[in-house]
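Working notes, structure below.
Proteins get letters first, then strands, A, B, ... in listed order; numbering begins at 1 in each.
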Amino acid sequence: MPGQRSAATTSSCAWAILSPIPTRPPHGRSLTAPSPCAIPGPRSNRRWNRRSKETEMTVRVRFAPSPTGEPHIGNVRTVVFNWLFARKMGGQFILRIEDTDRTRYQPQTIPVIMDGLRWLGLDWDEGPSLEELRQSGVENAEQYAVGGPRGPYIQSARLEMYRQAAEALVDQGLAYRCNCSAERLDAVRAAQRANKQAVMYDRHCRDLPPGAVSPAEPHVIRLKVPLTGQTVVQDIIKGEVVFDNAGLDDQILLKSDGFPTYHLAVVVDDHNMAITHIARGDDWISSTPKRILIYRALGWEPPIYCHVPLVNGPDGKKLGKRHGATSITEFRRQGYLPEALFNFLALVGWAPGEGEEREIFSREELVERFDLFRINRAPAAFSYDKLDWMNGVYIRALSVEELAEHLIPVWQEAGLVPHPCPQELRPMLQRIAPLVQERLKRLPEVVDWTAFFFTDVEPTADTLITGKMKLDQEQAAAVLQAARRTLAQIDDFTPEGIEPPLRALVDELGYKTRDVFGIIRNATTGQVVSPPLFGTLSVLGKDQVLARVERAAQVLQQ
RNA sequence: GGCCCCAUCGUCUAGAGGCCUAGGACGCCGGCCUCUCAAGCCGGAAACAGGGGUUCGAAUCCCCUUGGGGCUACCA
């Protein structure tokens, strides 16, 4: 009886009775894709069919980062879910900046966050305008400005709305002013902890006579939470989650610096911006009843909640620095392709199901298949191994030109290619790209694979005769001299032109193929592992190859 | 401490009471291919946390236990 439960909130105050909002259907078959002529199949759900009217409303979801640092990749995963949902439903994805924490405020992270979202392909339909961004001190604000009809989209520009909402609640007796000092609050909490009591505000100022705390003196405004009854969160993936109001704190709405707390600001903004669904991290669910109470006090209807489980590190513990990259910027710098990261993130905590056994999906395919109701209930662990594999798949799918364009900045970063890249160098770079394409999992790995193309090699006897080679120094030198003569006679210095004479040489010398090719590899690349030999020699060029082979032979003859 | 959430191979997951001898993917192991390393192909090991119910029948529904996680700020 969801209706009854929702109405269970009681108090002396005028708490609006809230009509029930949708729960997750027993086996959620989508509120997504409301086919206009939907015939209830065996898997469809009565509840949703009945609510089909509601599914036709325009979905509006948001990502509301706090500019106190870069979002954690687990949050980014949740943003991906929001974005996919908005695109799937033909709705809007809104970006809002929640800068109400003035002590941790770092304005420079605003453009960093926006760059990250854009890089991942998460475009927003409404967001901070040019003027708002300029006021926040964002450089090149015109690059990031989007604007929209329900702004401002930066909370510090909306302070008056929060203040009015809070004051209105005070006037109605649903909230109250509190001037308890930080010291008193600390003492209360310490005592509660010592007595093993629930730690929460003791409501000292709650029943003071009106006017006892002057609006002129420093104070906060707290919500007068009902002392009895229950508040129910209807959640798309958790179902009905019931909280006793007695366990809820008299939440601060307005801080003494005049800024709202998250709880007030998010309610006011989500309501004014007509947000319909809130998909966010699991860690918010315990405080959701506080916000539902704020919605009720203000006489508003809460949106539909969807609390998605958190993303842990590979070891199942909280994901942190020690596990590897945790922000979009870091993943980008480590050479992950945005398409790969996007694909991977979409599959952390969600899967298309329905017997679908693929793992690689284009952005469009993900939009088509995505379904909020199918998000897993259990927290997921972030697997860098699987991401690496998937990135390799995407790298292999690139055209040679695309791969080269991705690689050039990496070579430049390593100091192997000048900045800007000379036009005459590009053909060679495009010939290198296919040699490493199926070997790369992350872009920067190309440096170790290909540095020898750009720098001289310094052969020594130890680096030339390696591993299980059954050649002594004299034999190795002879092989190199023979190879030099063979290579010198090749006019068609392509992989196809190089291979037959070299294989013939192997037969002629009577050594093992791996030994002959191995010593040539060591001599020309300075590495025991390298890209395929013939392609490598071809790109290196005849002159360079002959010089390196000659040099190596001389080293061995000394 | 209190409140809340969660539980299928090591990891991501499929599974919606009989299609399950529990499927796929990453990783791991073995083989093939082979100039090294990859890629590719073939094969293998690997899971329903435990205990009670309900039912003709439970990975699936209910309860308990255990184990993880979250929240408990004038942070978001």
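Here the rule is side-chain contact (heavy atoms from CB on, under 4.5 Å) with A/P67, and of A/V112, A/I154, A/I97, A/D101 only A/I97 fits it. Of the residues listed (A/V348, A/I237, A/D283), the one engaging A/P309 in a side-chain contact (heavy atoms from CB on, under 4.5 Å) is A/I237, and it is the only one.
At a threshold of 4.0 angstrom between heavy atoms, the contacts of A/V220 include nucleobase atoms, whether or not backbone atoms are also involved. Residue A/G247 is classed as having no contact, given no heavy-atom separation below 4.0 Å to the nucleic acid. The residue A/G349 sits close only to the backbone: its heavy atoms come under 4.0 Å of sugar-phosphate atoms, none of a base. At a threshold of 4.0 angstrom between heavy atoms, the contacts of A/P532 include nucleobase atoms, whether or not backbone atoms are also involved. Residue contacts for A/L347: at a heavy-atom cut-off of 4.0 Å it reaches the sugar-phosphate backbone alone, with no base atom in range. Looking at heavy-atom distances under 4.0 Å, A/F534 makes contact with a base. Heavy atoms of A/S530 sit under 4.0 angstrom from at least one base atom. As judged by a 4.0 angstrom heavy-atom cut-off over every strand, A/A351 is placed among residues touching the sugar-phosphate backbone only. At the heavy-atom level, A/T100 lies under 4.0 Å from the strands shown only through sugar-phosphate atoms. Contact annotation for A/S66: backbone-only contact, meaning every heavy-atom pair under 4.0 Å involves sugar-phosphate atoms and none involves a base. Residue contacts shown for A/V199 include a base, since a base heavy atom lies under 4.0 Å away. If you check every strand for non-hydrogen atoms under 4.0 Å, A/K196 touches sugar and phosphate atoms only. The residue A/R193 sits apart from the nucleic acid: no heavy atom pair falls under 4.0 Å. Within 4.0 Å of A/P65, counting heavy atoms only, lies no atom of the nucleic acid at all.
Atoms CZ (A/F243) and P (B/rU72) sit 12 Å apart, rounded to a whole Å. In this structure, A/R377 atom CZ and B/rC61 atom C1' are separated by 13 Å, rounded to whole Å. The interatomic distance linking A/N343 (CG) with B/rC12 (C1') rounds to 12 Å, in whole Å. Between the CZ atom of A/R102 and the C1' atom of B/rA73 there is a distance of 18 Å, given to the nearest Å. Distance CH2 (A/W389) to P (B/rA39): 12 Å, rounded to an integer number of Å. Rounded to whole Å, the distance from OH on A/Y384 to P on B/rC28 is 18 Å. At whole-Å resolution of the value, NZ in A/K386 and C1' in B/rG27 are 10 Å apart. Summarising the geometry, the separation between CD on A/Q527 and P on B/rA38 is reported as 14 Å, rounded to the nearest angstrom.
When the P atom is used for both B/rU72 and B/rA25, the distance is 42 Å, rounded to whole Å. Rounded to whole Å, the P atom of B/rA59 lies 38 Å from the corresponding atom of B/rA39. B/rA49 and B/rC12: their P atoms are spaced 14 Å apart (whole Å). The same atom, P, is picked in B/rC32 and in B/rG50; the two are 39 Å apart, to the nearest Å. When the C1' atom is used for both B/rC37 and B/rA46, the distance is 28 Å, rounded to whole Å. On the P atoms, B/rU8 is 26 Å away from B/rG2, given to the nearest whole Å.
Side-chain rings of A/W284 and A/Y262 approach one another, their centers coming within less than 6.0 Å. Proximity of the aromatic rings of A/Y384 and A/F382 is defined here by a centroid distance below 6.0 angstrom, and this criterion is met.
When side chains are defined from C-beta on, A/V410 does not count as touching A/E445, because their heavy atoms never get closer than 4.5 Å. Looking only at side-chain heavy atoms (C-beta outward), A/I395 and A/L443 come within less than 4.5 Å of each other. A/R377 places none of its side-chain heavy atoms less than 4.5 Å from the side chain of A/K238.
Residue A/R189 has no polar side-chain atom (N or O) positioned under 4.0 Å from OP1 or OP2 of B/rU72. The phosphate of B/rA7 has neither OP1 nor OP2 within less than 4.0 Å of any side-chain N or O from A/N376. Between A/T261 and the phosphate of B/rA73, there is no side-chain N or O to OP1/OP2 separation shorter than 4.0 Å. Neither OP1 nor OP2 of B/rG69 sits under 4.0 Å from any side-chain N or O of A/K318. Contact annotation: A/R503 reaches the phosphate of B/rC35 (side-chain N/O to OP1 or OP2, under 4.0 Å). Distances shorter than 4.0 Å separate none of the side-chain N or O atoms of A/R104 from OP1 or OP2 on B/rC75. The phosphate of B/rU72 (OP1 or OP2) has no side-chain N or O of A/K290 nearer than 4.0 angstrom. For A/R374, a side-chain nitrogen or oxygen approaches OP1 or OP2 of B/rG15 to under 4.0 Å.
Of the two residues contacting RNA chain B, namely A/L387 and A/D283, the nearest-nucleotide position lying further toward the 5' end is that of A/L387. In this structure, A/P314 and A/E98 both approach RNA chain B, and ranking their closest nucleotides by distance from the 5' end singles out A/P314.
Remark: the A/S530 side chain and the A/R521 side chain contain an N/O donor-acceptor pair separated by less than 3.5 Å.
In a base pair of the Watson-Crick type (N1 to N3 plus N6-O4 or O6-N4) or a G-U wobble (N1-O2 and O6-N3), with each distance short of 3.5 Å, B/rG27 is matched with no nucleotide. Shown here, B/rU66 forms a base pair with B/rA7; the pair counts as Watson-Crick or G-U wobble because both key distances fall under 3.5 Å. Pairing for B/rA16 is absent, judged as Watson-Crick or G-U wobble with the two contacts each under 3.5 Å. As the counterpart of B/rU55, no nucleotide is assigned, since no Watson-Crick or G-U wobble pattern has both distances under 3.5 Å. Within the shown strands, B/rG40 is the pairing partner of B/rC32 under the Watson-Crick or G-U definition, both distances less than 3.5 Å.
The stretch residues 432-447 of chain A comes close to RNA chain B through A/E438, A/R439, A/K441, each having a heavy atom under 4.0 Å from the strand.
A donor-acceptor contact under 3.5 angstrom links the side-chain atoms of A/S256 to the base of B/rC74.
Taking every heavy atom of both residues into account, A/K512 and A/V506 meet most closely at C-CG1, 4.3 Å. Closest heavy-atom contact between A/Y162 and A/D269: OH-OD2, 2.7 Å.
In summary, A/R102 and A/D257 do not engage in a salt bridge, as defined by a charged side-chain N under 4.0 Å from a carboxylate O. Electrostatic pairing of A/R503 and A/E508 does not count as a salt bridge here, judged by no charged N lying under 4.0 Å from a carboxylate O.
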